[in-house]
Every structure is written in structure tokens, then in C-alpha cells.
Amino acid sequence: MRVFGVDPGSRRTGYGCIETDGTRHRLVACGAVTPPPGASFPERLMAIHRELGRLLRRHRPDCVAVESVFHAANVRSALTLGQARGVALLAAVEAGYPLVEYAPAEVKLAVVGYGRAEKRQVGEMVRLLLGLVEAPAPNDASDALAVAICHVHSCGGAALAPAAREAAPAAGRRRRAPTSWREYRP
């Protein structure tokens with residue numbers, strides 16, 4: 001199964017794509033969509049939409065997981081973030097992919113085991129779960145990968161493609177994926 005995660009933002013939108021068999025995850029791609037610095041707000045939204053659409057066509061995921069808006073410093077920030085998030089949702093729906101949404105606390109709980117984890121902790125768990133040498137940068141990419149991992153952990157084997165389910169080991173031999181950094185064993 002291939003999951004494409006999105007961490008929306010108007011200045012920088014993180015993305016991350018993973019492939020998984022339900023127990024082992026592999027990094028496919030990650031990064032951040034950064035519109036030109038002098039671009040107007042509508043131009044930034046268009047750049048985010050266009051680039052996410054291109055990335056979705058390139059990586060062809062089975063589904064797209066997007067972080068939902070939890071809170072913002074003020075109303076204007078919340079509206080701006082909501083509009084960037086709407087553009088990300090539009091790109092996924094336009095491309096025809098199933099869409100799921102997770103609150104930031106859900107993502108942190110599923111990846112770190114603590115709903116109020118710091119960005120550094122999320123990045124480190126993403127690094128460990130994907131077997132990377134260092135945490136993905138920028139933080140937006142790490143957060144997007146965490147959203148994708150959260151989806152896999154939340155739906156368990158039910159969301160695996162049929163071929164991946166058949167290739168997975170029998171339930172009695174399957175090792176449960178770690179739900180917190182305390183349980184991680186390489």
C-alpha cells in the first residue's frame with residue numbers, strides 16, 4: 001500500500017509518501033512545496049495545488065492522508081491555513097484518490113505514543129520507523145510522513161492492498177508495529 005501524507009501550510013506545505021506492507025514502512029519521497037517568496041496569497045495557493053497534483057500523479061498513492069486544522073495563533077492564521085488545506089484536499093480529490101484526515105494529536109499519538117509530542121520527537125520516530133539515517137527535513141516533510149504513518153497505524157491491515165495482505169506473514173508470526181518510541185526495537 002502506498003500512502004501520501006500532507007501537512008498543509010500557506011508558506012510551506014509538507015508532503016511525504018511511504019510504501020508499506022502493514023508492518024514495515026519504506027520512504028518513497030518527501031519534501032516541501034514552497035511557493036515563490038514574493039508571490040501573492042492566491043499565487044501561493046495555485047503553486048501548492050499545482051505541485052501537489054504533479055506529485056500525486058508521479059507517486060500514484062492508494063490514498064492521501066491530510067492533517068486537519070487543530071488550532072492557530074489567531075483567526076487570520078486559521079483562515080489562511082484552512083485555505084491551504086482546502087487546496088491540498090482539492091488536489092487529492094481532483095486526482096481521484098481516497099482522502100482521510102487526522103487531527104495533529106491523533107498523528108502524534110499514533111506515531112510517538114503521546115498526543116502532545118514535540119516536532120523533534122515526531123521527526124525522530126519517523127526516522128526510526130522508516131529506517132532513515134536522519135530525520136527528514138524540513139519539519140513539514142517529517143510531519144507529512146507522520147500523517148501517512150498514522151493512517152497505516154490507524155487502519156491496520158484492513159487498508160492493505162489485497163496483494164500485500166497475501167504476501168504478509170500469517171497473523172501468528174506477525175510482529176506488532178511499535179506504537180511508541182519505548183516499544184521500538186530495530
Of the non-hydrogen atoms in [X] and [Y], which two are nearest, and what is the gap between them?
{"X": "Pro138", "Y": "Ala32", "value": "CG-CB, 3.8 Å"}
{"X": "Pro61", "Y": "Tyr97", "value": "O-CE2, 3.0 Å"}
{"X": "Ala135", "Y": "Arg127", "value": "N-CD, 3.5 Å"}
{"X": "Gly16", "Y": "Ala148", "value": "O-CB, 4.3 Å"}

Under the 3.5 angstrom rule, does the side chain of [X] hit a backbone N or O of [Y] as a donor-acceptor pair?
{"X": "Glu94", "Y": "Ala91", "value": "no"}
{"X": "Asp62", "Y": "Val3", "value": "no"}
{"X": "Lys108", "Y": "Ala117", "value": "yes"}
{"X": "His151", "Y": "Ala65", "value": "no"}
{"X": "Arg50", "Y": "Met46", "value": "no"}

- Query: Which pairs with one or both residues in residues 8-18 pass side-chain hydrogen bond (donor to acceptor under 3.5 Å, both in side chains), sequence neighbours excluded?
  - Reply: Arg12-Asp140
So do the side chains of [X] and [Y] get within less than 4.5 Å of each other, counting heavy atoms only?
{"X": "His153", "Y": "Ile149", "value": "yes"}
{"X": "Ser68", "Y": "Tyr102", "value": "no"}
{"X": "Arg2", "Y": "Cys17", "value": "yes"}
{"X": "Arg60", "Y": "Phe4", "value": "no"}
{"X": "His49", "Y": "Leu90", "value": "yes"}
{"X": "Cys63", "Y": "Leu99", "value": "no"}

Hydrophobic clusters here meaning ILVMFWY residues chained together by side-chain heavy-atom distances under 4.5 Å, can you tell me if [X] and [Y] are in one?
{"X": "Met1", "Y": "Leu130", "answer": "yes"}
{"X": "Val66", "Y": "Leu45", "answer": "yes"}
{"X": "Leu132", "Y": "Val28", "answer": "no"}
{"X": "Val147", "Y": "Val64", "answer": "no"}
{"X": "Leu145", "Y": "Val33", "answer": "no"}

So how far is it from [X] [atom1] to [Y] [atom2], rounded to the nearest 0.5 Å?
{"X": "Glu118", "Y": "Gln121", "atom1": "CD", "atom2": "CD", "result": "5.0 Å"}
{"X": "Arg26", "Y": "Leu129", "atom1": "CZ", "atom2": "CG", "result": "15.5 Å"}
{"X": "Thr34", "Y": "Glu51", "atom1": "OG1", "atom2": "CD", "result": "9.5 Å"}
{"X": "Glu67", "Y": "Leu81", "atom1": "CD", "atom2": "CG", "result": "8.5 Å"}
{"X": "Asp143", "Y": "Cys30", "atom1": "CG", "atom2": "SG", "result": "11.5 Å"}
{"X": "Arg58", "Y": "Leu56", "atom1": "CZ", "atom2": "CG", "result": "12.0 Å"}

- Query: Does any donor atom in the side chain of Ser40 or Glu43 lie under 3.5 Å from an acceptor atom in the other side chain?
  - Reply: yes
- Query: Is it the case that Asn139 and Ser142 place a side-chain donor and acceptor less than 3.5 Å from each other?
  - Reply: no
